[in-house]
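Take a look at the structure below.
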Number of protein chains: 2
Amino acid sequence: MITIRDVAREVGVSITTVSRALTDPEKVAPATRERIVAAADALGYTPNRAASGLRAGRTNTIGLLVPDLSNPYFAAVAMGIAERARVHKVAVFVTDSQEDLRAEVDLLRGLVQQTDGVVLCSPRAVHEDQAVIGTKPLVVVNHELPGAQSVAVNDLAGVASTVDHLYSLGHRRIAYVGGPATSWSDARRRSALAHARTRLPDLEVVELGAHAPTVDGGNIAAGVVVASGATAVITFNDLVAIGLVRRVHRLGLRVPHDLSVVGFDDTYLADLVTPALTSVHGDLSEIGRRATDLLLAELRPPRHAPASTTREPVLLPVQLVVRESTAPLLSRTSGSTGARPPELSPPLAHRDPP
Amino acid sequence: MITIRDVAREVGVSITTVSRALTDPEKVAPATRERIVAAADALGYTPNRAASGLRAGRTNTIGLLVPDLSNPYFAAVAMGIAERARVHKVAVFVTDSQEDLRAEVDLLRGLVQQTDGVVLCSPRAVHEDQAVIGTKPLVVVNHELPGAQSVAVNDLAGVASTVDHLYSLGHRRIAYVGGPATSWSDARRRSALAHARTRLPDLEVVELGAHAPTVDGGNIAAGVVVASGATAVITFNDLVAIGLVRRVHRLGLRVPHDLSVVGFDDTYLADLVTPALTSVHGDLSEIGRRATDLLLAELRPPRHAPASTTREPVLLPVQLVVRESTAPLLSRTSGSTGARPPELSPPLAHRDPP
DNA sequence: ATGAAAGCGCTAACAA
DNA sequence: TTGTTAGCGCTTTCAT
């Protein structure tokens, strides 16, 4: 391994000067600096992250905790984080709670201890242990936590434009298939739906709640969706939408003919399935990039008052992408939806048991 | 931050004893050990990875370089790696080359410098700079590199059983849509196809080569596949298969009715699309776990002769999962495939320009 | 503008 | 069995 000492010897200066030339170039004579940079380059010297951090009491590592890395949503966020981390020369300790609340709490504790700060993505568990979350900077994605910064997509606007889209297609009875009970996004979307209801008096919203944010969750939701008598459904994410569409097809209904389905997140899956999903698009990697930048901003200049006040959540814009899974209510041919039970004017359930 | 010194003071021993009690419990009196462990627990002490590594000349970080984290294949591998890394208490520096060969080379260099060893996943570039790959332990997934250990799924067997499956369905003219020109898996699959050809003399194999390992690559391949006159096609991975199916549908052919399609890797996408893909299944997370274990084995006990000899690649078993995208040739109704050009008895191309 | 020296938290000789 | 001592590679006072 090639160290700062090798460079110093090569150039004939002290290691202090080398360190300065590389981290605080202003403080060293231009001529010296150039020779140092040249030598460092020639020798292929890279500062040892651990050692430099040790002195400064940092690890130069940030943590990333996601519920499920195989969910394309989180993969995209992780890519954004990796990209920014690389630029800032910090390592990323990536971990995956497998959607397990208990594991999430434990992993976060471990992560906080081992890193300078953590990006906590779409937490499902309740994190209130101040000994954990209070000690290090934390950026939360799709959630709010006291003392932590927050990055999210603007679900509110996403829901609003989705409702408008469906409404303009003639749908008046819309179901919502919710995600994990503790999901912040889920709560926000429900309140956006409530707001839409006041805006559009003749709109009925059937809230079906607490499904796993997976294809299987969508499968399971299919029954209640069909039973709800809704002509359109908004789902927690694309995976749920995909599972829902599959099962709905098996039940003998066609999407979008008999039921319009809208996904959320617009992962690349939305465009792979048949019919292609109408979905609420957000820049997923940008979430990761913003979260990382926010975290590093809190880490890097320790030169100002500890900003412990929770700032406003950073809200990224969204855009509804209309594809094949939504269609005008008009296109429905009477008689083709015989599979739907008739006795369902009042909502079957406002909230399912989780 | 709570350090080893705090624990030592609490218990009334030297920091050395604390260190020993935690890393080499045999070497400390049971009574002392217990008090130390208890105190460490009570104080919530966790050794500083960077500091301990610094002393030992290690970083306690391993690198992971994948072409594309949003490819579910690599996400699954990454999950396996994260899981094992957590157990072994090493951080994972995750990076993503975005399928860019140039970036891959640069990133690997950076990763090697910053970590104790790297898992290089499905490299597309040629890595021959001994100053990079010679310095640290390296485990290569889906590739072989001198001096590096190798983990891969048994493509050979996968191709063989795929061919057998298609052959038994009556297909005699099979196309292969290749992946990146420099992909090791691709080369292995081609040789497995060659072998199948000698085994089954009346089998024709049309090799269509060098497509991007993405949905778009599949889209692009559709034209030549149809033109090839093959009745079945094996693709480089599920993404390619998915893109292929979509475009083939647009060209007016039906899968599997007019063309049987087999994917590779059996990512969860295979079961999401319509028709569900027949695909070669391997345990993707297990690849990551094995790779990590191999890497750490080389790192951890530095107590034996540097094992620089390339060991046999670890080959993980595969299994063909038959779904809806493959069907007997018999099921084809004559006349329904009018879109296929007739003049194509000799293969259109054995190898496309990349 | 540069250097000497101290020390971050930890482990590994070497002593006792 | 336990403690003392000496660094790992680097940054950061404090001198010069």
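Here the structure is a predicted model, which is why all the values come from computation and not from measurement.
Projected onto DNA chain D by closest heavy-atom contact, A29(B) and A50(A) fall at different nucleotides, the more 5' of which corresponds to A29(B). Both P47(A) and I15(B) lie close to DNA chain D; mapped to their nearest nucleotides by heavy-atom distance, the more 5′-ward contact belongs to I15(B).
Distance CD1 (I36(A)) to P (dG3(C)): 8 Å, rounded to an integer number of Å. Regarding M1(A), its CE atom lies at a distance of 7 Å from the P atom of dG9(D), rounded to whole Å. Rounded to whole Å, the distance from OH on Y45(A) to C1' on dC10(D) is 7 Å. In this entry the distance linking CG of L54(B) with C1' of dG7(C) reads 12 Å, nearest Å. The distance between atom NZ of K89(B) and atom C1' of dC10(C), rounded to the nearest whole Å, is 16 Å. Remark: C1' of dT2(C) and CD of E26(A) are 16 Å apart, rounded to the nearest angstrom. Protein atom CG of D24(A) is 14 Å distant from nucleotide atom C1' of dT13(D), rounded to whole Å. Rounding to whole angstrom units, CZ of residue R49(B) and P of dG9(D) are separated by 18 Å.
Taking only side-chain nitrogens and oxygens, S14(B) comes nearer than 4.0 Å to OP1 or OP2 of dG3(D). OP1 or OP2 of dT2(C) has at least one side-chain nitrogen or oxygen of T32(A) nearer than 4.0 Å. Phosphate contact (OP1/OP2 of dT11(D), side-chain N/O of S19(A), threshold under 4.0 Å): present. Taking side-chain N and O atoms only, T17(B) has a distance below 4.0 Å to OP1 or OP2 of dG3(D). T16(A) has no side-chain polar atom (N or O) that falls below the 4.0 Å cut-off from OP1 or OP2 of dT2(C).
A salt bridge between D116(A) and K136(A) is absent, with no side-chain N of the basic residue lying under 4.0 Å from a carboxylate O of the acidic one. Using a 4.0 Å cut-off between a side-chain N of Lys or Arg and a carboxylate O of Asp or Glu, D106(A) and R102(A) qualify as a salt bridge. The residues R124(B) and E99(B) are annotated as salt-bridged, a charged nitrogen and a carboxylate oxygen being separated by less than 4.0 angstrom.
Of the listed nucleotides (dG3(C), dT2(D), dG9(C)), dG9(C) has the atom at the smallest distance from the side chain of N48(B). Listed candidates were dA6(D), dG9(D), dG3(C). Nearest to the side chain of R55(B) is dA6(D).
Atom CZ of R86(B) sits about 7.0 Å away from atom CG of D96(A), to the nearest 0.5 Å. Taking CZ from F74(B) and OG from S97(B), the interatomic distance works out to 8.5 Å, rounded to the nearest 0.5 Å.
Interface remark: the R20(B) side chain does form a donor-acceptor pair with the dG3(D) base, using a distance-only criterion of under 3.5 Å.
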